Amino acid sequence: MAAQKPSIPKGTRDFSPIEMVRRNYIFDTIKGVFCNYGYQPIETPAMENLSTLIGKYGDEGDRLLFKILNSGSYLEKVDDATLENKDQAGLTRQISEKGLRYDLTVPFARYVVQHRNDISFPFKRYQIQPVWRADRPQKGRYREFFQCDVDVIGSDSLLNEVELIQIIDDVFTKLGIKAIVKLNNRKILAGIAEVIGESNNFGHITVAMDKLDKIGIDKVNEEMLAKGISKKAIDKLQPILSMEGKLKEKFPLLMDILKDSPTGLKGCEETKAVMCHLKDLGINTKFELDLTLARGLDYYTGAIIEVKAVDVAMGSICGGGRYDDLTGVFGLEGVSGVGISFGADRIYDVLMELNGFPEAYQASSKVMFVNFGDEEVKYCLPVIDKLRKAGINAELYPDAARMKKQLGWANNKGIPFIVMAGTEEIKNKKFMLKNMNKGEQEQLTEHELIKKLK
RNA sequence: GUGGAUGUAGCUCAGUAGGUUAGAGCGCUAGAUUGUGGUUCUAGAGGUCGCCGGUUCAAAUCCGGUCUUCCACCCCA
């Protein structure tokens with residue numbers, strides 16, 4: 001039988017030791033900040049019932065859901081008409097009732113509703129788990145990737161938005177990534193659509209506006225025209241698209257434009273309040289009002305937050321917003337939540353480009369004992385045990401291989417210290433400690449060895 | 001889902017008027033060094049040329065399909 005070539009599915013990755021050390025550095029940093037603000041961890045299953053997921057992310061999102069084939073003789077239960085008509089959607093419904101989670105927010109909403117009696121609101125939770133999207137992979141885009149979510153649910157207070165941005169500030173400051181936080185508000189966008197008389201085309205307008213940075217104002221206008229938005233409305237939109245300047249100037253201008261839309265004005269007030277708080281706090285990270293920021297999923301209703309790295313061309317590395325009624329579809333009305341999600345994989349890519357991982361983070365132990373044979377092993381094992389109990393990562397090479405092999409192995413693993421104890425050392429009750437970086441070595445007693453390595 | 005590029009040794013890549021045993025660097029293994037790695041020198045191992053099919057006396061090379069990775073669009077962390 002021919003050996004099959006090993007491979008993994010498109011858009012997925014293995015993580016080797018060095019990568020895991022670096023990833024854990026990211027996760028540990030993020031987790032530390034989350035805990036620092038009083039958020040509690042939860043986890044939810046990799047798969048959810050498809051009914052939980054479908055319809056929460058828009059049509060595009062539904063297309064990107066990974067669906068899991070039912071077990072058993074699923075095909076027998078499919079009615080003939082579905083097969084004959086090649087009714088794909090109908091067939092999917094009949095043969096698949098589970099799917100891999102697409103993000104952590106919807107499963108969280110499901111969790112909150114299901115456990116509502118055990119939760120005391122407002123509930124502050126964090127969740128770090130992989131999610132899956134059947135997207136076509138490219139740079140910074142994977143089919144399996146990790147999200148680090150923090151959400152507060154059951155509180156309308158804008159202080160939550162402020163706190164989340166403080167968290168963003170803390171995380172990226174700790175990771176040494178220069179970031180910029182872009183803020184917007186769904187209510188402002190709704191207000192804009194309203195005052196230009198195109199509320200029905202809200203989606204088309206925001207998607208087009210979102211591309212302003214990338215394709216320029218003319219193309220944006222072109223796209224909106226193509227989507228059936230009236231020339232008159234587009235004309236009315238121009239002052240907003242070309243709005244520049246400082247926040248102080250932007251807000252009055254915006255409020256004037258939105259003066260006939262109570263929703264729009266509310267969004268303005270909310271955003272202004274958040275920004276005032278941030279200004280008072282004096283955070284490290286720059287933040288700005290970006291009216292073209294429309295990203296975020298269908299369920300966002302208030303603040304929209306997006307973070308980009310300043311020094312690296314990469315999609316957003318963190319994003320989120322407020323959702324007023326995500327739990328509503330699961331039968332719990334009137335519970336508002338706000339949250340953000342850090343994209344660990346993209347943060348990894350950014351840190352790689354910046355060469356921003358700390359050197360000290362090491363995958364290996366601090367000291368390796370060379371294995372010279374049974375007698376010597378017997379002499380070393382108790383000391384290795386003592387080192388470990390003293391909190392020093394220590395190991396013994398498992399085979400009595402050639403010295404060259406053992407030292408080469410330690411070298412490749414980046415182990416900084418080697419202990420050699422052969423007949424000579426055993427006789428003198430000593431241990432030869434070798435510094436692999438400097439090449440120096442010295443004979444030490446057991447006590448001195450432990451002290452030295454500590 | 002749409003369009004474009006890519007695939008040769010473990011890794012990075014050479015290799016077309018189709019023509020004997022497909023190359024380099026790095027890495028790996030062994031020796032120089034019977035208790036000393038990371039430097040040096042010498043030797044060696046390692047390839048279904050992504051996969052399937054077609055054209056041809058002959059295909060890594062030309063053609064078709066398929067998969068992979070990457071880029072743009074769509075959308076997103």
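Lettering of chains follows the sequences in order, A, B, ..., and the numbering in each one begins at 1. Just so you know, these numbers come straight off a predicted model, no measurement behind them.
For A:K404, the side-chain atoms get nearest to B:A32 when compared with the rest of B:A32, B:C74, B:C71. Checked against B:A77, B:C75, B:C73, the side chain of A:V207 finds its nearest nucleotide in B:C75. The side chain of A:R133 sits closest to B:C76 out of B:A72, B:C76, B:G37. The listed nucleotides are B:C75, B:A77, B:U36; the one nearest the side chain of A:Q441 is B:U36.
Comparing A:I8 and A:K434 along RNA chain B, the residue whose closest nucleotide (by nearest heavy atom) sits nearer the 5' end is A:K434. Comparing A:K405 and A:E425, the nucleotide of RNA chain B nearest to each residue sits closer to the 5' end for A:K405.
Between the side-chain ring of A:F145 and the base of B:A77, a stacking contact exists by the 5.5 Å and 30° definition.
Using bins of under 30°, 30° to 60° and over 60° for the plane-to-plane angle, the ring pair A:F431/A:F369 lands in the perpendicular bin.
Salt bridge A:R13/A:E19: absent, no basic N to carboxylate O contact under 4.0 Å. A salt bridge is defined here as a Lys NZ or Arg NE, NH1 or NH2 lying under 4.0 Å from an Asp or Glu carboxylate O, and A:E395 with A:K413 meets this definition.
A:E60 places its CD atom 14 Å from the P atom of B:C73, with the value rounded to the nearest Å. For the pair A:I215 CD1 and B:C75 C1', the interatomic distance rounds to 14 Å; values are reported in whole Å. Counting to the nearest Å, the P atom of B:C76 and the NZ atom of A:K308 are 13 Å from each other. Between A:Q406 atom CD and B:U36 atom P the separation is 12 Å, expressed in whole Å.
Taking a pair to require two hydrogen-bonding distances under 3.5 Å in either a Watson-Crick or a G-U wobble arrangement, B:U21 remains unpaired. Base pairing of B:C28: its partner is B:G44, meeting the Watson-Crick or G-U wobble criterion (both donor-acceptor distances under 3.5 Å). In this entry B:A60 has no Watson-Crick or G-U wobble partner, no candidate having both defining distances under 3.5 Å. Remark: B:U6 base-pairs with no nucleotide; criterion is Watson-Crick or G-U wobble with both hydrogen-bond distances under 3.5 Å.
Counting atom types as modelled, A:K10 pairs no side-chain N or O with a base atom of B:U68 as donor and acceptor under 3.5 Å. Side-chain to base pairing of A:R136 with B:C74: no donor and acceptor N or O lie closer than 3.5 Å to each other. A donor-acceptor contact under 3.5 Å links the side chain of A:N411 to the base of B:G37.
Between A:R125 and A:Q127, the side chains place a donor N or O and an acceptor N or O closer than 3.5 Å (distance only, hydrogens not considered).
If you check every strand for non-hydrogen atoms under 4.0 Å, A:C318 touches sugar and phosphate atoms only.
Checked against the 6.0 Å centroid threshold, A:Y25 and A:Y348 do not count as a close aromatic pair.
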